[in-house]
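Order of the sequence lines fixes the chain letters, A, B, ..., with proteins taken first and strands second; residue numbering starts at 1 for each chain. Note: hydrogens, waters and symmetry copies are ignored here, and every other heavy atom, side chains too, is used.
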Amino acid sequence: MSLGRFLVRRTLQGLLVVWGVITVVFVLRFLSPGDPVTFVAPLDASPELRQRIAADLGLNKPMHVQYADYLAGLLQGDMGYSYQRGLPANDIVLSRVPATVELAVASSIVAIVLSIPLGVVAATRRHSPADYGATLFSLVGISTPNFWLGIMLVLFLSVQLDLFPTSQRPVGFLEAWTHLIRFKLAGPSLSVPLDAGAFADDMGTWLWHITLPAVTLGTYFTALITRLTRSGMLDELGKEYVTAARAKGLPETLVRYRHALRNTLIPILTVLGLQLGTLIGGAVITEAVFAWPGLGSLLIDAINSRDWPIIQAALIVIGVSFVVINVAVDVVYGYLNPQVGYE
Amino acid sequence: MVSDRTWRNLTVELKRSHLAKLGVVLILFILLAATFAPLLAPHDPKQTNPGEANLPPLGFSETRTESTTVMEDGEITIVEEQVQVNAQMEHPLGTDHVGRDVLSRALFGARTSLIVGIGGTALAAMFGVIVGLVSGFYGGRIDDALMRIADIMLAFPSLVLAIALTGLWGQQSESIPDPFHELGLAPDMPAEIVIPSTIIAVVALVNWVWFARVARGEALSVRNEEYVKAARSVGASDLEILWRHVLPNSLTPILVLGTIQVAAIILLESSLSFLGFSGANLSWGLDIAQGRDYLSSSWWIATVPGAAIVIAVVGINLVGDWLRDALDPGIDQGEGGV
Amino acid sequence: MPRDLLSVRDLTTRFFTQEGQVNAVEKVSFDVEEGEVLGIVGESGSGKSVTALSLVDLVEDPGRIVTGEINYRNSELAESASENAPDAVDGDFVDVRKLPERHRRALRGPDFATIFQDPASSLNPSLPVGEQIAEAVEVQRRASANPRSTRSRTQSYGLGKFLLGTALPGQGYLTEESKARAIELLELVGIPDPAERAEALPHEYSGGMLQRAMIAQALAGEPELLIADEPTTALDVTIQAQILDILGDIQEETGMTILLITHNLGVIARMCDRVGVMYAGEIVERGSLEDVFDNPVHPYTQGLLGSIPDLESAGGRLQPIEGNVPSLLDQEMEDRCYFADRCPNAMEECLEKPPEFPGPGSPDHAAKCYLADHPYEPEQALPEDYFDDESSDTTVGRDDGKDDASGEGVSADD
């Protein structure tokens, strides 16, 4: 199958998934206890006021009409207004996306940078202290709930040693860059000074604040990939083509990386594709631990206050991004594994 | 049901692998703790005692600043004094912010984790295996439809779905009487075991897909075997064939997957109760959430239940590795995560 | 007088498994003359593949070469080795086992090249065939560009470069020249449309084409010695002949020395100048092709040759030797001739101690058997049911992982 057709098919599948999510959430709204109006209306609101609010929110229409209205709104990019803050759900949700992306990317980088070398070393030096260390780490790493790990990191590194802040994200990654980008956009004629100092300050602050959340979220994946890399490498290194590659004079580094590791990474990628949901789910929990202002903490706040438009918008954004990442993983998979290609 | 060869593989692997032995020991430890919690726990896990709040575990002592308000000659003065708080033998792992015994709560928390872990896995396995067997055995339209639904389930982060479902649906729970209490063996302990039914239903709902995939694969591979054809030719009904021939063949991979799933679901349950979406009032995740507010003063409140989760999940994962290495069911590592 | 290219003395390789020590190769000695094709023949499990792997130091855990010399004649190597490993050098010969590991590794490719039994599993399934051959070219190119440093073969290729190479084209290991050379080599072994086929993955090749590609890969380093380990076993009968033709042609053109390992007597007869017969980890008979085939001394060799179907006779049935290759587990090996239990001419002295194998300097045709010294003495013969009790013990499988391809016995299908 060509890449183009593959992308089209996967996109259609993805749309189906997102539609499924929307529908489930919509139905859930009718099934779950608690009238949204009570969360919006003042405590002493009269029945008439409640009626008016319900009518304003479109809640008094029949379910299928509300559903159609909602889908029609979505198609126009309108996800409704937050019950709590009265702002468009789009704006609120989108403003939270960068924080979550920062967290997910930072922890993925931590995981990949640490785990693959660790797994390779463990596999190539079997029964060495490094191997035992890696095995123990990966076992405990996949068995530790990340919220508890986060709390323990806070306990030791923030409360006891005062090395890192306990929570918050005072500055975003992109905000830090505006010190440099603003200069570029404005052009030299406006002579806005290049504020490298402020940039460095902000980047430092950002790094300082994201370290613990990223480690918290990244540990599970570091452990998982280490484990997969180790066992995959052991598998591959025992195969005949590795012996044959050595026999033709290839240096060990080439045998290990160009051959064995390459073939190890292909199945790892599949598992990671399956585990992406864990990354996103883990991000929700991590954000809750560190008060990290991303989609996850927004979702939990919205669930607690029954702010339905926000809940729906957040779930849709999570669903869409999940589908997009999954497709990306499949494209890389097809590229790395030409034997399979795009199926 | 279990062949001699399977037993031999299991025992050989158990003898060979120290990690497998450790896993069995850890699981037995947690199972015993959960079962006999009312006999082992020194206190009623729900009993608050403000006078004994925030006691440290044995071997630790804390220095705290306590302020008392003194009224003297019509003037109010606040006197601060340094107080040494020592551990008490009665509370080996300390007490929480309202004076509940941390060890007792950890023991009873094991019950909730195992009830949800095993119950959720059983429910997910039951549903998933039926769907998978039917799907793989009949193929065609039914297969397409069921697998499409499974794809959709897999294509959404299951933890997020579980958070949304439990957060929005609410958290009902059922209670059954505690047999130890009934028998009068543990009169001071809670009279009932709480079964968080919503959580069990939700974790099963977001995890059945893994079982369906495995069972479908097995059913597909068995469907065209000669003995299945033979059974059919002598007039065995589909149900008989599924029950007698297809299901037994799927048991090994389902057992291995089930073990991994118990670990995954225990982690999932702890995450949900950490967020406050739990139907149980005795749960490791819940205690961690409460202890989090007292990190700077009483670190043990959050530390102990977390360590309990790690012990339980490490044990189950080790046993899962053991089963997988011994039985080689063709399930990848990392498959079937939360 | 042809000179020896390789002179192997008392090579012993053992596997230290959980079940016990397996003596896969036991005190094997042989010489390979320059420009000849030496055949080693034996049943599956006789240790011939482990011998091949031992020569190129590719025996894998839990296997280890325990003792022995592998003397390789190469005056350049002897000169350079006399500086850093003087005790390995003896005239023009270098005992490669005494070389430091990285120098020993550097021999693979330009000195010793290997072709394995199953081409489909000997090539990386996810890299194009041409690229894999180009690697073999590239590694020699880089080595000869800087012959002093063994490190230069790596040319700082590591994890970082690998990751970069997957992301950015042009960051990889290969150069255009080596890719072009790979296509030439493919053409040399008779692959049609070599430029196009070079881009294909191994699974897009047929078995015969893949083995041709393996030969091309082995030729990349212009080796002094080509070790062909069952090069035709995994192939169809018609394809086998083609592969042998290619090997024969190349040998004729370049005068390359070939060590051919096979269980197939037809292949030996077709290709080899001299032959060694292996049984239970030992060489039991050696000599020129004519000597061994026309006047076999060892009953095992006689049995092997007897198992060639006589196509002219009406039945043409294969007559396999009764019994199995013995377990090579150390604890089960008795101090006797290992073939005695299958030998139709076993005598009492065969059980007392194993016969001596003539050492170096002995006649070209020699056998590890008392029958080489004196004729069969029927009065010393063992009772017919002597080994019946233990016959069931001797079928325990070996665990060297290399020779168990299809449980092939010795056969003569050509």
Trace of the side chain to side chain contact (heavy atoms under 4.5 Å, CB included) decision for C:Arg105 with A:Glu252: CA-CA 9 Å; C:Arg105 280 186 185 171; A:Glu252 197 57 27; 3.6 Å; yes

Close side-chain approach of A:Tyr241 and C:Asn124, heavy atoms under 4.5 Å: yes

Side chain, backbone, both or neither: which part of C:Asp111 has a heavy atom under 4.5 Å from chain A? neither

Given side chains that start at C-beta, do those of C:Arg108 and A:Leu250 come closer than 4.5 Å, heavy atoms only? no

Closest heavy-atom pair, A:Ala244 versus C:Ser122, reported as atoms and distance to 0.1 Å, is CB-O, 3.2 Å

Going by heavy atoms in the side chains, are C:Glu138 and A:Leu254 under 4.5 Å from each other? no

Heavy-atom cut-off 4.5 Å, strictly under: side chain, backbone, both or neither for C:Glu204 against chain A? neither

Please classify the contact between A:Lys248 and chain C as side chain, backbone, both or neither, with a heavy-atom cut-off of under 4.5 Å. both

Mind listing the closest non-hydrogen atom pair of C:Glu60 and A:Thr243 along with its distance? OE2-OG1, 2.9 Å

Whether over 12 other heavy atoms sit under 6.0 Å from C:Glu222 CD: no

Between A:Arg262 and C:Ser126, is a side chain to side chain contact (heavy atoms under 4.5 Å, CB included) present by the stated rule, with each step listed? CA-CA 9 Å; A:Arg262 189 191 159 100; C:Ser126 56; 4.2 Å; yes

For C:Glu135 and A:His259, does a side-chain donor sit closer than 3.5 Å to a side-chain acceptor? yes

If every non-hydrogen atom of C:Val139 is compared with every non-hydrogen atom of A:Pro251, which pair is closest and at what distance? CG2-CD, 3.6 Å

